[in-house]
Student: 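Here it is, the structure, as structure tokens.
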Amino acid sequence: MAQEVEAFPDFLDQDSTQVARKLLGCTLTRTISGNMVKVRIVETESYEETDAASHSFKGRTDRTDIMFGPSGHLYVYFTYGMHYCCNVVTGPENEGSAVLIRAVEPLMSVEYISQFRSKAGYELSNGPAKLCQALQIDKSLNGHDLHQSPLVLNVGNDVAKKDIVTAVRIGISRDKDALRRFYIKGNPYVSK
DNA sequence: AGCGGGATTTTCT
DNA sequence: GAAAATCCCGCTT
């Protein structure tokens, strides 16, 4: 059976900070062993080539190659010796920009994904490495096209401006003051 | 609920 | 050889 693919609007090719804001409220559909899981993006951060905190700041390397590729693909990196985190690649090709997905709110199959984490409730997916565990995202999905199964980005559900909080990013040492973190106000799944 | 420290390995200097 | 876009546990309030 053919996979239904919903086209992305052009906004993924815009400035990553703009995209980070717009990705709030969008959903991800993840298929794991035939089980469908759906989550809503509630927290993001933008990174780009001119940004000292970005992996792409030092140029294109084996690790950051996907960041410089076409938008709409997934950039997965491994960090702290044990965790995976994932980004939606943005901007035109050959530009190293992406949006880190920091937190998601499960919309269905909550029981199913809790088997992949030793936590429940908001601790299921309130952090970039936590949501990768919950959605079983690892290096094998690095470079994956988000138009296709087993991980599809569905665009829509604009969040009202008044419900979007702008803040500084978490866990970085350079460019600490840049306002590149966005989250949905009051959402319990936003990271701490 | 809020803290302080340890885990563990890829990546770049 | 050091740092890293983090998380978990155990201890204190």
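The chains referred to below are lettered A, B, ... by the order of the sequence lines, with proteins before strands, and numbering in each begins at 1. The structure displayed is predicted, hence computed values, not measured ones.
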Student: Just the endpoints, please: which first and last nucleotides of DNA chain C, 5' to 3', lie under 4.0 Å from a heavy atom of chain A?
Tutor: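 Extent of the interface on DNA chain C: C:dA4 to C:dC9.
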Student: Quick check on DNA chain C: between A:Arg174 and A:Ser118, whose nearest nucleotide comes earlier from the 5' end?
Tutor: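 Checking each residue's closest nucleotide, the 5'-ward one belongs to A:Arg174.
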Student: Taking side-chain hydrogen bond (donor to acceptor under 3.5 Å, both in side chains) as the test, write out the residues that go with A:Ser191, two or more places apart.
Tutor: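 With sequence neighbours excluded, A:Ser191 shows a side-chain hydrogen bond (donor to acceptor under 3.5 Å, both in side chains) to A:Glu43, A:Arg102, given in chain and number order.
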Student: How would nucleotides 4-13 of chain B be written as a contact map, 5' to 3', with B for base contact, S for sugar-phosphate-only contact and - for no contact, using protein heavy atoms under 4.0 Å?
Tutor: ---BBBSSSS
Student: Would you please indicate yes or no on a ring centroid separation below 6.0 angstrom for A:His55 and A:Tyr47?
Tutor: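 Centroid distance A:Tyr47-A:His55: not below 6.0 Å, so no.
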Student: What are the residues of residues 98-106 of chain A, sorted by number, that bring a heavy atom to within less than 4.0 Å of DNA chain C?
Tutor: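 Close to the strand are A:Leu100, A:Arg102.
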Student: Are A:Val89 and A:Leu74 co-members of a hydrophobic cluster defined by side-chain heavy atoms under 4.5 Å apart?
Tutor: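 No, no single cluster joins them.
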Student: Return whichever of A:Ser191 or A:Ser173 has its heavy-atom-nearest nucleotide of DNA chain C closer to the 5' end.
Tutor: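 By nearest-heavy-atom nucleotide position, the 5'-most residue is A:Ser173.
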Student: Taking atom types as modelled and ignoring hydrogens, do the side chains of A:Thr17 and A:Ser46 form a donor-acceptor contact shorter than 3.5 angstrom?
Tutor: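 A pair is found: one side chain offers a donor N or O, the other an acceptor, under 3.5 Å apart.
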Student: Quick one: the dot-bracket string of DNA chain B, using Watson-Crick and G-U wobble pairs with both distances under 3.5 Å, [ ] for crossing pairs and | for bases paired to another strand.
Tutor: |||||||.||||.
Student: A:Tyr80, A:Val76: one ILVMFWY side-chain cluster at the under-4.5 Å cut-off?
Tutor: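 No, it is not one cluster - the side chains of A:Tyr80 and A:Val76 are not joined through contacts under 4.5 Å.
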Student: For the CE atom on A:Met108, are there more than 12 heavy atoms of other groups (residues, nucleotides or ligands in this structure) within a distance under 6.0 Å?
Tutor: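 Correct, the count exceeds 12.
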Student: Run A:Tyr77 and A:Thr64 through side chain to side chain contact (heavy atoms under 4.5 Å, CB included) and show every step you take.
Tutor: CA-CA 9 Å; A:Tyr77 67 89; A:Thr64 62; over 6 Å; no
Student: Go through residues 121-135 of chain A and report each residue with a non-hydrogen atom lying under 4.0 Å from DNA chain B, sorted by number.
Tutor: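 Of all residues in residues 121-135 of chain A, none places a heavy atom under 4.0 Å from DNA chain B.
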Student: Mind checking whether A:His83 and A:Phe78 have ring centres under 6.0 Å apart?
Tutor: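 So the answer is no for these two rings.
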Student: What's the verdict on side chain to side chain contact (heavy atoms under 4.5 Å, CB included) for A:Gln14 and A:Asp10, showing C-alpha distance, side-chain angles and the deciding distance?
Tutor: CA-CA 8 Å; A:Gln14 296 176 28; A:Asp10 298 332; 5.5 Å; no
Student: Test side chain to side chain contact (heavy atoms under 4.5 Å, CB included) on A:Ser149 and A:Thr29; report intermediate values, then the result.
Tutor: CA-CA 8 Å; A:Ser149 181; A:Thr29 305; over 6 Å; no
Student: Examine the side chains of A:Ser140 and A:Asp138 and answer whether a donor and an acceptor come within less than 3.5 Å of each other.
Tutor: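 Result is yes, a qualifying pair exists.
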Student: Contact class for A:Arg181 vs. all strands (heavy atom < 4.0 Å): base, sugar-phosphate, or nothing?
Tutor: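 A:Arg181: no heavy atom of the nucleic acid under 4.0 Å.
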Student: With clusters defined by side-chain heavy atoms of hydrophobic residues (ILVMFWY) lying less than 4.5 Å apart, directly or transitively, does A:Val99 cluster with A:Ile170?
Tutor: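 They do not share one cluster, since no chain of ILVMFWY contacts under 4.5 Å joins A:Ile170 to A:Val99.
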Student: Between A:Tyr112 and A:Phe116, how do the two ring planes meet: parallel, tilted or perpendicular, split at 30° and 60°?
Tutor: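 Rings of A:Tyr112 and A:Phe116: perpendicular, over 60°.
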Student: Any Lys/Arg nitrogen of A:Glu48 or A:Arg180 sitting under 4.0 Å from an Asp/Glu carboxylate oxygen of the other?
Tutor: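 Salt bridge present between A:Glu48 and A:Arg180.
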Student: With salt bridge (charged side-chain N to carboxylate O under 4.0 Å, His left out) as the test, pick out the partner of A:Asp51 among A:Arg174, A:Arg169, A:Lys58.
Tutor: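 That would be A:Arg169; it is the only one of A:Arg174, A:Arg169, A:Lys58 passing the salt bridge (charged side-chain N to carboxylate O under 4.0 Å, His left out) with A:Asp51.
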